[in-house]
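Some notes on the structure that comes next.
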Amino acid sequence: MKAARKKRLYLILLIVTGVGVAAALALNAFNQNLMFFYSPSEVSAGKAPSAYPFRLGGLVTDGSVKRLANGLTTRFDVTDMDKTVSIEYTGILPDLFREGQGIVAHGKLRADGVFVADEVLAKHDEKYMPPEVAAALKASHDKGVAEAARESGS
Amino acid sequence: MPRFLRYLLPLALFLAMAALLYRGLSIDPRFVPSPLVGKPAPSFSLPQLENPQATVSNADFSGKVSLLNVWATWCVSCRAEHSVLMQLAATGAVPIYGLNYKDERPLALNWLQQFGDPYHVNAFDADGRVGINWGVYGTPETFLIDKRGVIRHKFTGPLTRDIVQRELLPLVQQLKAEQG
Amino acid sequence: MIPELGHFALILALCMALVLATVPLLGTYTRTQSWVALARPLAWAQFLFLALAFATLMHAFLVDDFSVLYVANHGNTQLPEIYKISAVWGAHEGSLLLWALILGGWTMAVSLFARNLPDEVLARVLAVMGMVSIGFLSFLLFTSNPFERVFPVPVEGGELNPLLQDPGLAIHPPMLYMGYVGMSVAFAFAIAALLGGRLDAAWARWSRPWTLVAWVFLTIGIVLGSWWAYAELGWGGWWFWDPVENASLMPWLAGTALVHSLAVTEKRGAFKRWTVLLALLGFSLSLLGTFLVRSGVLTSVHAFASDPERGLFILLFLLLVIGGSLLLYAVRAPGISRGGGFATVSRESLLLGNNVLLVLMTALVLIGTLAPLLYDAMGWGKISVGFPWFNSMLVTFMPLMVVLMGIGPLTRWKQQDPNELLRRLRLALALSVAAGIAAAVPLLGDNWSLGLALGLSVWLVSTLLTGLFLRLRGKGGLRALAADLSARGGRSYYGMWVAHLGVAFFILGITVATQFDIEKDQRMSPGQSFELAGYRLQFDGVVEAQGPNYAAQRGTIRVFRDSKQIAVLHPEKRVYQVQRKPMTEAGVDPGFMRDIYVSLGEPLPNGDWSLRLYYKPLVRWIWFGGLLIGAGGLLAASDPRYRLRHRRTASEGDALAAGGRA
């Protein structure tokens, strides 16, 4: 009985170590694969990373969508009603991509300040505003209200 | 670890997760609170869409319960919302004012002609300045304004029959019953 | 008048559930035989009323009764008949009604097909299912009544979401719900056993076929969902690690662990606490999925319209059901006897490894799904967990699983001589290592992930063949197969065999489809051709076309191989009349070895179009593998021993019932 107990203990120890190592690996990989979200204001203020990819979202500015000469690259601006950032994307835009709609793009910032997207998401539900976009808009709106109040006060 | 505690572990993990989920419910990612609810409607005076010589202003709202619907022809969801507005207008439950947001006059007039006009009157906000004062950040949005000209509720996104039936109409009845 | 009838039937069903959850259970404690005997007829009555309510709602859709708010929002006169039917479960209220109906169906099925169960055990099982039913029916009636009327009556309805107007999606939710809700049977058996205070081999044998069938439905539901995403979303993907998809994957992973763990409990009486915990976990994760999809806590491509109030209701329900059952577990588990012992090298150990890995994967998927919520709640920023993370998890743990999967079936219960095991595995090991290296070395394949996948698949297939050889050797070879299939325990074995073979297909499909697919975004003028993986795709322009309830721009692409035309594809861009929603409908030339997949992008000047062209090798193996896994489960569930042994288990059952009195 004693020997069986010992064996069981070894087995459990083995499993616990294995699971521990696996979990450590997984969590480490987890931190590297998080994609943070930045608003156009944050990008303009230089808060977004220039070395690695992130997500950027906002409303597509009216009249900003232009197709570049090669026919497949589109350039457009997104705004949080405060600051604006230009995005370049080569490929087919999603069905619901439209001026005035909220979108989220994955990609990296180029040296000239243009965000080069490898994926553009406009959700399939039109009632849906990407939550990050909504929050970014709210933040810049609150800022605008505060500034307006300051101006009228002074 | 005492033996019995071991068996409570799954329960403890679950309760921790439930607490997180509860917190998650209160931070509904789609819900954007409007700082304007409960405050008097921001003052404005804009030319009418239908008649550039005449104006609409927040003075028009006083003395009655009214809706202000922010819309634009470039907004796809507004198209989806339009039939709901038409129905609501047909019931005559509440006058609907329109705020035509960052739009072009001929396009907007053409839209109303083509799909029908549910609006009492439309304000034409070409550069979107009034919209910004009202905290508009996506069309469509609809504000419910009481008899004293105070914003009482804001609907973000298109109104649906569901919302009209369950939320909007009961609220309208309630506001109508209030003292002016 | 008819919708009110449905509403009334729903209320009656709730009444039945209320009685079902209490009276028979009380009967088992007070030993009132007549109360215990009520369980069965109550289960039937509940199902009858639910079916009536469901039929009423379907009728409202078929006759376009827009005075019902739910029909006004999601029905339309122009909708083709089949989508009028599937629109019943196309949105929140109706799909919840389907959930309740299916729960009622499973409850009735248990009362019908588990006739040999001792009455008291049956009464407990049905009572637990009745409790779950109370939760869902009151949720329906108090927050999401599908029969609510609207006034004034609209002339036309709001139409079913165009994304859902697809034959695959018409049957995907019912399948998935069959799986989700089916997990409640295993849950109910576990709770009944915990209440009765005795878990043993008989308990495992009763709940095993039910668990298997539910797990098969879940498997098929997920496969259909993946296929729908591929066919309908128009960007060629088949799995997105979307919260809603994860919500279905988690119970599946837990269910897979449960199916294996139940085998140990049935055969060896071991792992009892673990198995019962898995049974609770499987259904808890189903419920959690429901919560995530319907509360709006996580946003997703196909989440239902969110409503925090509904979310709160489900959360309370979760607390009661999951919290209550885990509390019961904490109270009862210390009293459960330890099962038979086993050596370090034994089938038990290997199945334990399988369970640990599956639960670990479930936990990781759960963490990845809830992480954005956690970060938001703690104010750490808005994040999304990248695709690559989930994929790397899969690549880390899948191979380990597959290695165990090859060894397990060749290992004896209780104790296995390691040398004998190595002798059995020798050939398979040599074959798979050779295949893996061949695919991974430069000059031959030069792709290490293909090498890994091929090695693993060969490993699975060759160990399976070894097992088959050993099983049939000395019994007359293949001729013994037919006899073996009708013998007790035979189909369990062949079910495992087929399901594991499915995994081999699945691994190869996933690897090849992701590693060797070709994707091109291409600008094309009418008449122009494009070479893709040895096929010539000729674009013949786009014309306007009219569907029953949509207008479309339909492209024509002819596919040539060696200057012979093999297919004509018609990808479309549709705009549905009512919701004005644009939809991309891909044109697909399916094949067992490869798919050619084309979707329309946007119109460009001069009649040109941007097109998205894909070549997807072996992509169908993913779903074929999934279907094999499901077929294996079904074969195992049909094992005669679950039926033949019923007479003999009666005595064991009495013992279980007696345990309840103790």
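Sequence lines set the chain letters: A, B, ... in the order given, protein chains first and strands last, and positions in each chain run from 1. Below, each value reflects all heavy atoms present in this structure, side chains not excepted, and no hydrogens, waters or symmetry copies.
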Q. For B:Tyr7 and C:Arg332, does a side-chain donor sit closer than 3.5 Å to a side-chain acceptor?
A. no
Q.
Using every non-hydrogen atom in the two residues, find where B:Ala18 and C:Leu319 come nearest and quote the distance to one decimal.
A. CB-CD2, 4.0 Å
Q) Going from CD on C:Glu148 to CZ on B:Arg166, what distance comes out if it is rounded to the nearest 0.5 angstrom? A) 4.0 Å
Q. So what's closer than 4.5 Å to chain B heavy atoms on C:Leu288: side chain, backbone, both or neither?
A. side chain
Q) Heavy-atom distance under 4.5 Å to chain B: side chain of C:Leu315, backbone, both or neither? A) side chain
Q: Count the heavy-atom pairs under 4.5 Å between each of C:Val331, C:Leu281, C:Leu326 and chain B, then report the option with the highest count.
A: C:Leu326
**Q.** Distance (rounded to the nearest 0.5 Å) between C:Leu327 CG and B:Leu8 CG
**A.** 7.5 Å
Q) What's the spacing between B:Arg161 CZ and C:Tyr70 OH if we round to 0.5 Å? A) 15.0 Å
Q. Measuring heavy-atom distances to chain B, does C:Leu280 have an atom under 4.5 Å in its side chain, in its backbone, in both, or in neither?
A. neither
**Q.** Atom pair CE (B:Met17) and CG (C:Leu318), whose distance is rounded to the nearest 0.5 Å
**A.** 7.0 Å
Q. How many angstroms lie between atom CZ of C:Arg273 and atom CZ of B:Arg6, to the nearest 0.5 angstrom?
A. 6.5 Å
Q) Quick one: what part of C:Leu374 sits under 4.5 Å from any heavy atom of chain B, side chain, backbone, both or neither? A) both
Q.
Nearest 0.5 angstrom please: B:Leu20 CG to C:Leu373 CG, how far?
A. 4.5 Å
